[in-house]
Amino acid sequence: MVPNLITALTGPINELEQRMLDAMPAIERWFRLEWMEHTPPLYSSVDIRNAGFKLAPVDTNLFPGGWNNLTPEMVPLAVQSAMAAIEKICPEARNLLIIPENQTRNPQYLANLVQLQHIFSMAGLNVRIGSIDPEVKETIKLKVGNKELVIEPALRHGRRVGLKYFDPCTILLNNDLSTGAPGILEEVYEQFVLPPLHAGWSVRRKSRHFQSYEEVAKRFGKLMGIDPWLINPMFSSRKGVDFTDGSEHALDELREDVDVMLTKVRRKYKEYGIKETPFVVVKADNGTYGMGVMSVHDAKELRQLSVKTKNQMSLVKDGQQVHDMIIQEGVQTVERMDKEAAEPVVYMIDRYVVGGYYRAHSDKGAEDNLNVPGAHFIPLSFEHGISPGDSVGASAPNRFYMYGVVARLAMLAASYELEATDPDAEIYD
């Protein structure tokens with residue numbers, strides 16, 4: 001379920017990691033039973049922070065970019081998982097349409113589209129890219145590395161979306177719909193639209209996701225006989241926050257929330273004998289791309305915010321105003337790549353881990369948000385097999401397994417979340 005990959009960790013296996021490795025058969029059975037009742041997102045990526053004393057997801061992306069950062073040796077795993085997903089969704093599928101982000105010429109994002117197209121093409125589908133950007137009125141051909149990327153304007157034909165002379169069975173969204181679902185994608189009942197429209201950030205909230213994750217963590221903690229806090233960042237949420245209001249009392253409620261959360265974290269640190277200084281992360285409840293995020297060690301810091309910081313916290317992608325915030329327990333990272341602070345990002349298709357990479361930043365520390373400009377990505381590699389002369393059983397344990405478990409717990413939480421927010425869900429008494 002989780003490939004054996006090389007990680008930056010070289011220290012001794014801690015107790016939590018050893019427990020997960022020892023309980024692998026029970027864990028995999030637990031996941032199998034969960035997937036009998038719940039449908040995983042088609043694809044997802046999870047940002048994970050390893051503090052040494054706890055390991056937790058801090059963000060779950062249901063429209064993941066960055067596929068170009070996976071190594072070529074990971075592609076066969078991704079292709080196999082894509083085939084399994086498509087066979088469940090639409091076994092007779094022939095054509096797949098990828099809907100990209102609007103108005104982007106970012107070379108990294110375009111390379112991501114090339115990789116996505118390659119993965120699903122290798123899975124046996126005709127794959128084309130159709131933009132819903134109103135500015136795209138004719139076919140665009142772009143050079144990406146040594147490949148050509150063709151982006152065509154998406155068209156609506158009755159209740160179906162496609163391209164000129166191209167009618168897909170399935171539509172794969174690689175656009176997080178921050179500004180809402182455009183009309184061209186609404187009421188498309190004859191095709192599979194994945195992820196569903198209500199997974200977009202115009203509907204989705206991080207607080208709802210982490211509420212679902214808290215439920216999953218409690219159940220998993222019971223299975224493992226561990227405190228769920230070891231894999232779960234505590235959080236609260238606050239609506240109606242206005243960072244642009246210059247009055248003295250504008251952020252009083254948020255300061256109170258931060259103080260309460262810091263008190264809870266201090267209590268946990270004391271319980272486990274942790275000497276680190278607790279902090280919380282305040283971020284936009286519907287934020288993406290690492291925007292609208294700041295770390296706070298003391299609620300008093302919210303009285304001394306600069307105008308620049310307030311402006312940064314009040315807007316996210318596409319200029320969307322922020323009024324709802326999530327106050328999350330800060331989880332530092334002990335991971336280092338070439339002495340830079342780093343965090344693993346795990347990629348999944350269907351219910352399978354297909355690989356990942358490290359996000360690293362030379363100008364950020366263990367407590368900082370690393371998903372900011374200046375970050376770079378270090379692909380993970382597969383662990384090599386036993387070398388000649390090694391004794392039987394000499395291969396190292398799968399250090400990546402623990403990350404794969406936590407990432408799949410977050411993916412399971414996303415499936416709970418999407419079921420709870422499905423506007424077309426069937427309700428049984």
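Basis for what follows: all heavy atoms, side chains included, without hydrogens, waters or symmetry-related copies.
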Tell me if the [atom1] atom of [X] is crowded by more than 12 foreign heavy atoms within 6.0 Å.
| X | atom1 | value |
| --- | --- | --- |
| K88 | NZ | yes |
| R156 | CZ | yes |
| Q80 | CD | no |
| K268 | NZ | yes |
| N106 | CG | yes |
| M122 | CE | no |
| E148 | CD | yes |

> Does one side chain, of N126 or N95, offer a donor that lies under 3.5 Å from an acceptor on the other?
Replying inline: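 Their side chains do contain a donor-acceptor pair, which is all the 3.5 Å distance test asks for.
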>> Between D59 and N371, do the side chains contain a donor N or O and an acceptor N or O under 3.5 Å apart?
In response: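 No, no side-chain donor-acceptor pair sits under 3.5 Å.
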Where is the tightest heavy-atom contact between [X] and [Y], given as atom of each residue plus distance?
| X | Y | result |
| --- | --- | --- |
| L223 | A26 | CD2-O, 4.3 Å |
| A199 | F63 | O-CE1, 3.3 Å |
| P40 | S415 | CA-CB, 4.4 Å |

Any donor-acceptor pair under 3.5 Å from [X] side chain to [Y] backbone:
| X | Y | result |
| --- | --- | --- |
| D324 | V241 | no |
| Q108 | G66 | no |
| S295 | E367 | yes |
| N175 | P100 | yes |

> Which one of H376, K364, H361 satisfies the side-chain hydrogen bond (donor to acceptor under 3.5 Å, both in side chains) criterion with E340?
Replying inline: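 By the side-chain hydrogen bond (donor to acceptor under 3.5 Å, both in side chains) criterion, E340 pairs with just one of H376, K364, H361: H376.
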So [Y] and [X], do their side chains get closer than 4.5 Å, heavy atoms only?
| X | Y | result |
| --- | --- | --- |
| M325 | F243 | yes |
| P41 | M411 | yes |
| H198 | L418 | yes |
| M20 | I231 | yes |
| V354 | M74 | no |
| M402 | L55 | yes |
| N69 | R359 | no |
| L96 | P168 | no |

>> In terms of relative ring orientation, are F31 and W35 parallel, tilted or perpendicular, with 30° and 60° separating the classes?
In response: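 Taking W35 first and then F31, their aromatic rings lie parallel (interplane angle under 30°).
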>> With side-chain contact (heavy atoms from CB on, under 4.5 Å) as the criterion, how do R205 and T421 come out once you've worked through the C-alpha distance, each side chain's angles and the decisive distance to 0.1 Å?
In response: CA-CA 10 Å; R205 294 293 177 268; T421 56; over 6 Å; no
> Taking only residues two or more places apart in sequence, or in another chain, which ones meet Y347 in a ring-ring contact (aromatic ring centres under 6.0 Å, His included)?
Replying inline: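 W67, Y357.
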>> Assess the residue pair R408 and V46 against the criterion (side-chain contact (heavy atoms from CB on, under 4.5 Å)); give the C-alpha distance rounded to whole Å, side-chain angles, the decisive distance to 0.1 Å, and a yes or no.
In response: CA-CA 9 Å; R408 285 183 290 161; V46 178; over 6 Å; no
How many angstroms lie between [atom1] in [X] and [atom2] in [Y], if you round to the nearest 0.5 Å?
| X | Y | atom1 | atom2 | result |
| --- | --- | --- | --- | --- |
| L116 | I98 | CG | CD1 | 5.0 Å |
| Y416 | E37 | OH | CD | 7.5 Å |
| I86 | S81 | CD1 | OG | 11.5 Å |
| L172 | F192 | CG | CZ | 14.0 Å |
| R351 | L412 | CZ | CG | 12.0 Å |
| L305 | Q312 | CG | CD | 10.5 Å |

> Is there a side-chain contact (heavy atoms from CB on, under 4.5 Å) between W229 and E329 once you walk through the steps?
Replying inline: CA-CA 10 Å; W229 176 76; E329 171 192 355; 3.0 Å; yes
>> Apply side-chain contact (heavy atoms from CB on, under 4.5 Å) to residues K264 and V280 and explain how you reach the verdict.
In response: CA-CA 11 Å; K264 288 181 178 179; V280 301; over 6 Å; no
>> Looking at E417 and R204, is there a salt bridge between them, counting it only when a charged N and a carboxylate O are closer than 4.0 Å?
In response: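 Salt bridge flag = yes for E417 with R204.
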